Amino acid sequence: MSRPGSHGVNWDAEVYDRISDPQFAWAGEVLERLPLEGDELVLDAGCGTGRVTQLLLQRLPRGRVIAVDASPSMVAKAEERLAGSAKVVWADVQELVLDDPVDIVFSNAVFHWIPDHPRLFSTLHRCLRPGGRLAAQCGGEGNVASLTVAIRDAGTRAPFAEHHADIERPWTFRSTADATRDLVRAGFEDVECWLEPKPVTPADPRAYVATSALGFHLERLPPELREPFVDAVMEGLPEPVTLDYVRLNIAGRRPE
Ligand SMILES: C[S@@+](CC[C@H](N)C(=O)[O-])C[C@H]1O[C@@H](n2cnc3c(N)ncnc32)[C@H](O)[C@@H]1O
């Protein structure tokens with residue numbers, strides 16, 4: 001398996017594990033509507049700390065999971081948590097090549113971190129057996145709009161601006177129309193995409209925002225500017241901090 005590209009964020013896996021109740025709940029909803037026999041081979045694309053992978057494994061008493069992530073810290077945490085119950089792979093899902101095709105590709109809170117959706121969907125299509133299904137959720141059009149503005153405003157001010165001058169927003173929040181088009185072009189059928197507002201009021205807003213959203217921006221700052229940048233972003237958010245998440249649900253099938 002190829003080494004993940006250098007564009008990825010090396011997440012703070014310990015903190016993410018602690019603050020990711022919203023992502024865990026959303027993943028549960030995706031899994032609840034996914035019909036499973038219990039004996040499938042499933043790819044968890046962007047498994048993070050393996051917390052959601054464990055939930056997936058509960059639905060697969062006779063099945064198997066391949067859990068892939070690009071962040072070394074996430075892979076280490078997932079390996080520790082899953083302790084051999086799933087095959088954990090350090091890889092960029094865009095470049096994934098599997099020995100055997102899977103029955104299901106599942107993914108939660110990952111695709112918006114990957115800008116090239118046509119390439120991503122082609123790869124996932126190739127990873128599926130004929131008739132296999134894709135069931136995913138990620139950030140969609142309008143996701144965390146107020147946070148995006150606060151990050152942009154902080155990043156255009158001194159002393160952060162010189163380090164953030166050339167960076168693009170790390171997320172791609174697609175509309176249902178764009179996602180549907182890319183999935184159909186990649187070869188999927190029975191495609192369904194829909195948006196769902198999911199506002200979140202985190203218990204520990206600073207840790208939540210820093211870990212779940214700012215990794216990409218913080219990695220581009222010298223260490224002494226990282227905490228001040230988190231402060232600057234938090235000052236740009238209205239109190240109490242409620243993040244206006246909008247999730248993009250994705251379902252599709254590789255034709256028989
Ligand atoms: C918000 S976390 C979601 C983790 C987990 N699925 C969950 O629901 O808690 C996003 C994850 O996507 C992973 N990721 C982002 N881009 C990736 C890529 N190109 N290939 C593999 N993993 C990727 C990150 O490393 C991170 O672990």
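Indexing begins at 1, ligand by ligand and atom by atom, following the structure's order. Values below: every heavy atom of this structure, side chains too, minus hydrogens, waters and symmetry copies. These numbers were taken from a predicted model, which means no experiment stands behind them.
When heavy-atom distances to ligand 1 are checked against a 4.0 Å cut-off, A70 comes that close through both its backbone and its side chain. In C47, the part holding a heavy atom less than 4.0 Å from any atom of ligand 1 is the backbone. Residue contacts with ligand 1 for F24 are absent, since no atom lies close enough (heavy atoms, distance under 4.0 Å). Here S20 has no heavy atoms under 4.0 Å from ligand 1, in either its backbone or its side chain. When heavy-atom distances to ligand 1 are checked against a 4.0 Å cut-off, W26 has no atom that comes that close, whether in backbone or side chain. Only the side chain of I114 comes within contact range of ligand 1, with a heavy atom under 4.0 Å; no backbone atom does. Proximity of A91 to ligand 1, defined as any heavy-atom pair under 4.0 Å, is confined to the backbone N, CA, C and O atoms. Both the backbone and the side chain of N108 come within 4.0 Å of ligand 1, counting heavy atoms alone.
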Output side-chain donor-acceptor pairs under 3.5 Å for residues 58-65, partner residues at least two apart or in another chain, one line each.
from	atom 1	to	atom 2	distance (Å)
R59	NH1	L31	O	2.3
R59	NH2	L34	O	2.9
R62	NH2	E37	O	2.8

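Neither L183 nor W194 shares a network with the other; the hydrophobic side chains, linked directly or stepwise wherever heavy atoms of I, L, V, M, F, W or Y lie under 4.5 Å apart, form separate groups for each.
The V52 neighbourhood of ligand 1 comprises atoms 7 (C), 8 (O), 9 (O), with distances under 4.0 Å to a heavy atom of that residue. Ligand-side atoms of ligand 1 in range of G48: 4 (C), 27 (O), range being under 4.0 angstrom from any heavy atom. Against a heavy-atom cut-off of under 4.0 Å, M74 is close to the following atoms of ligand 1: 27 (O). Per-residue contacts place S71 under 4.0 angstrom from the following atoms of ligand 1 (heavy atoms of the residue considered): 25 (O).
Within 6.0 Å of CD in E192 there are 12 or fewer heavy atoms belonging to other residues, nucleotides or ligands.
Of the candidates W113, W90, W11, W11 brings a heavy atom nearest to atom 24 (C) of ligand 1. When G46, G139, A213, A109 are checked for heavy-atom proximity to atom 5 (C) of ligand 1, G46 turns out nearest. Proximity annotation for atom 12 (O) of ligand 1: of V110, D116, N10, V110 comes nearest, heavy atoms only.
Minimum heavy-atom separation, L96 to T123: O-CG2, 3.6 Å.
In this structure, H217 and F229 have parallel ring planes: the angle between them is below the 30° cut-off, well short of the 60° mark. Ring geometry for W171 against F173 counts as parallel: the plane angle stays under 30°, on a 0 to 90° scale with 60° as the upper cut.
Both tests pass for R220 against the ring of F216: distance under 6.0 Å to the centre and angle within 45° of the axis.
If you check the side chains of D12 and T211, you find no donor sitting under 3.5 Å from an acceptor.
Between Q23 and ligand 1, no pair of N/O atoms sits closer than 3.5 Å. Polar contact with ligand 1: absent for D44 (N/O pair, distance under 3.5 Å).
For residues 18-51, the set of pairs meeting the ring pair (Phe, Tyr, Trp, His ring centres under 6.0 Å) definition, not counting sequence neighbours, comprises W26-Y245.
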| request: Starting from the C-alpha separation in whole Å, work towards a yes-or-no answer on side chain to side chain donor-acceptor pair (under 3.5 Å) for N108 and Q23. | output: CA-CA 7 Å; N108 185 61; Q23 290 77 5; over 6 Å; no

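Within the structure, the closest approach of V68 to ligand 1 does not fall below 4.0 Å when heavy atoms are considered.
Under a 4.0 Å N-O distance rule, the pair R51/D17 does not qualify as a salt bridge.
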